[in-house]
Amino acid sequence: MRALRRLVGRPFVPPNPAPPPWKGHGDTWAGGAWGCPPRIKGSASECPGTETSRGRGPPRDRGLPEPGRGRGRQMEVQGRVLLLTICAAGIGGTFQFGYNLSIINAPTLHIQQFTNETWQMRTGQPLPDHLVLLVWSLIVSLYPLGGLLGALLAGPLAVTLGRKKSLLVNNIFVLAAAGLFGFSRRAGSFEMIMLGRLLVGISAGVSMNVQPMYLGESAPKELRGAVAMTSAIFTALGLVMGQVVGLRELLGGPQAWPLLLASCLVPGALQLASLPLLPESPRYLLIDCGDPAACQAALQRLRGPADLAGELAELEQERAVCRGGRARRPWELFRERALRRQVASLVVLGGAMELCGNDAMYAYALAVFSQAGISQDKIQYVAIGTGGCELLATLLSCLVIERAGRRVLLTGGYGLMTCWGSVFTVALCLQQGSFSWMPYLAMACVFASILSFGIGPAGVTGILATELFDQMARPAAYMVCGALMWTMLFLVGLAFPFIMTRGKSFVEISEELQRLNFPGRGRGLAWAGPEVVRSTEL
């Protein structure tokens, strides 16, 4: 009986007990049973070395982080490295494109005067007005011509050196151009300005193609669209910064314009200092280089302490599809039937972005602001608002692109631009009449059209090549898209100062063309129209 009582009094222990569901990884197996059973409600007993279950749940291993905290730290690490990668790639990438496109507007008259003075010192005679205009048009248009060369160079660089190294090597052009700009006036050579513009154009052409490729391949799938949209954000930021730095109070004066042009050195130096510390594109490391260990290390830095099995499996699947292939050349994209629809979409949407009228809105902005009654000394400050509108719109688009989708943003942006462009045309036609409020309506249409452009076409078009083409065809697709964009910018930059005929009658246009074609002859009729517009707003 005593033995029976002792047997009944002991707690029953199964021969091979399974760990209770509330046990953590840190609980130890001792003597064939887990450290202690769950506390019975109302009992005062506690397991030694553990916390009581009074409102705290099962005992937890103190050595492991709580699930919520671990997830939050993982997202924090992932977000920090990804944000640094975006900033390092953008500050020396598309930021340079927008910045160098914008800063050339402030010193327009100063550079033209420097060109005329330099020619007079060499030959003893001033340069005719139409040749000054021609030289200035070349200075402006050599930037997109260099961009065209850079776009054609970007594909081979991205395949040979990789995405990150291509961006780093690309700063060689920036350093050389900054030196040419800085010493051009001291050397008395406007040719140095022309060569510098060509070099910064090459740099912009490379970065405009490689940066979205690099960021699109480094971002997680659920953030790919938003991360790739940051290329448009840095472009708009560069436009605004160029407008701000080009103010007369800063570097837009007659003595500081060489420093203004050479200030492109600062973003390049920032990229050279920061980008080497960040990882290369994981897709490039695995698919192009065939280095799984380097790919996993890059993913680990970009994603933090996350489970990479799913993403690695996806990359391996893409690698298997591309195995045995080689990087395609641009002309091969047009021959392959499987890529015909992607190429057509890329060409149509890329051409539409350049022909949608946003450049014309920027070109007309200063004249519209002047006719709205804004004084000449205040127009440069109001013009900053145009770049600010595009920056605000691209930020908004970056936040909603994953929810709204690419098609909605594209169709909505172009639809709104069509609406505002129509109203703007009517306002321009009627502003000379009895409607005194028409200039204000035209000014509102300028801001509204730029906002609509930034919401959709400005950013979405740039990420299409990343998402529509695989690893082998992506560099060639960016070459096609970049060549199309830069060719159109070159033609507009070269022809715009000559074809700007706003506010002139047919007689005045004919007289102006007669003066340009035959500079030595008289004008005939008395000239009453405005001077030739030398604006470089694109």
Side-chain angles (χ1 to χ4, degrees), residues 91-92 95-123 126-127 129 131-147 150 170-205 207 237-272 366 377 380-381 383-384 387 493-494 497 534-538:
I91 193 66
F95 178 88
Q96 288 275 36
F97 164 66
Y99 186 75
N100 287 288
L101 188 67
S102 179
I103 61 172
I104 196 63
N105 297 307
T108 298
L109 296 178
H110 307 316
I111 295 178
Q112 290 181 358
Q113 183 179 2
F114 167 71
T115 302
N116 195 20
E117 292 174 354
T118 302
W119 185 265
Q120 189 169 6
M121 289 178 58
R122 293 177 182 177
T123 64
L127 194 65
D129 290 345
L131 292 182
V132 172
L133 181 60
L134 177 61
V135 171
W136 176 244
S137 299
L138 289 175
I139 291 175
V140 174
S141 58
L142 279 174
Y143 180 67
L145 179 61
N170 186 40
N171 286 285
I172 295 175
F173 300 110
V174 177
L175 298 178
L180 291 171
F181 290 144
F183 293 100
S184 59
R185 186 171 63 179
R186 180 171 296 182
S189 172
F190 59 84
E191 293 87 356
M192 293 175 66
I193 302 177
M194 300 171 69
L195 181 57
R197 289 289 291 177
L198 180 68
L199 292 179
V200 292
I202 294 175
S203 173
S207 60
L237 182 62
L239 285 169
V240 175
M241 287 300 298
Q243 291 171 335
V244 172
V245 175
L247 293 175
R248 287 188 297 268
E249 294 80 0
L250 297 178
L251 296 179
Q255 301 300 322
W257 62 264
L259 294 178
L260 174 64
L261 297 181
S263 61
C264 61
L265 177 65
V266 177
L270 290 176
Q271 185 178 71
L272 286 174
L366 298 182
D377 57 336
Q380 60 174 345
Y381 305 105
I384 297 176
L494 181 63
R534 294 178 172 85
S535 172
T536 61
E537 291 280 359
L538 293 177

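Predicted model only: the values in this text are computed from it and were never measured.
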Using every non-hydrogen atom in the two residues, find where [X] and [Y] come nearest and quote the distance to one decimal.
{"X": "G196", "Y": "A177", "answer": "O-CB, 3.5 Å"}
{"X": "N170", "Y": "S203", "answer": "ND2-O, 2.8 Å"}
{"X": "A106", "Y": "G246", "answer": "CB-O, 3.2 Å"}
{"X": "N171", "Y": "Q271", "answer": "ND2-OE1, 2.8 Å"}
{"X": "G182", "Y": "A262", "answer": "N-CB, 4.0 Å"}
{"X": "L101", "Y": "L239", "answer": "CD2-CD2, 4.3 Å"}

Exercise. What residues, two or more places apart in sequence or in another chain, satisfy salt bridge (Lys or Arg N to Asp or Glu O under 4.0 Å) together with E117?
Worked result: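 Partners of E117 by the salt bridge (Lys or Arg N to Asp or Glu O under 4.0 Å) criterion come out as none, since no residue qualifies.
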For this session: Mind checking salt bridge (Lys or Arg N to Asp or Glu O under 4.0 Å) for R248 and listing every partner two or more places apart, or none if nothing turns up?
Result: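 By the salt bridge (Lys or Arg N to Asp or Glu O under 4.0 Å) rule, R248 matches no residue at all.
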Is [X] reaching over with its side chain to a backbone N or O of [Y], donor-acceptor style, under 3.5 angstrom?
{"X": "R185", "Y": "Q255", "result": "yes"}
{"X": "R197", "Y": "L138", "result": "no"}
{"X": "S102", "Y": "Y99", "result": "no"}

Residues which pass side chain to side chain contact (heavy atoms under 4.5 Å, CB included) with [X], listed by chain and number, not counting sequence neighbours:
{"X": "I384", "result": "V240, Q243, V244, L247"}
{"X": "I111", "result": "I104, P107, T115, W136, I139, I193, W257, L261"}
{"X": "P254", "result": "H110"}
{"X": "P267", "result": "I91, F95, Q96"}

Value rounded to 0.5 Å, distance of [atom1] in [X] from [atom2] in [Y]:
{"X": "L260", "Y": "I103", "atom1": "CG", "atom2": "CD1", "result": "5.0 Å"}
{"X": "S137", "Y": "L133", "atom1": "OG", "atom2": "CG", "result": "4.5 Å"}
{"X": "L265", "Y": "L272", "atom1": "CG", "atom2": "CG", "result": "9.0 Å"}
{"X": "L175", "Y": "C264", "atom1": "CG", "atom2": "SG", "result": "8.5 Å"}
{"X": "M194", "Y": "S184", "atom1": "CE", "atom2": "OG", "result": "12.5 Å"}

For this session: Side-chain contact test, heavy atoms from C-beta onward, threshold under 4.5 Å: evaluate it for F181 versus V200 and give yes or no.
Result: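 Counting from C-beta outward, F181 and V200 do come under 4.5 Å.
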For this session: Over 60° means perpendicular and under 30° means parallel, so classify the ring planes of F97 and Y143, tilted if in between.
Result: parallel
Exercise. Which of these passes side chain to side chain contact (heavy atoms under 4.5 Å, CB included) with Q112: V132, V135, D129?
Worked result: V132
Exercise. With a cut-off of 6.0 Å (strictly less than), are more than 12 heavy atoms of other residues, nucleotides or ligands near CZ of F183?
Worked result: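 Open: at most 12 neighbouring heavy atoms sit under 6.0 Å from CZ of F183.
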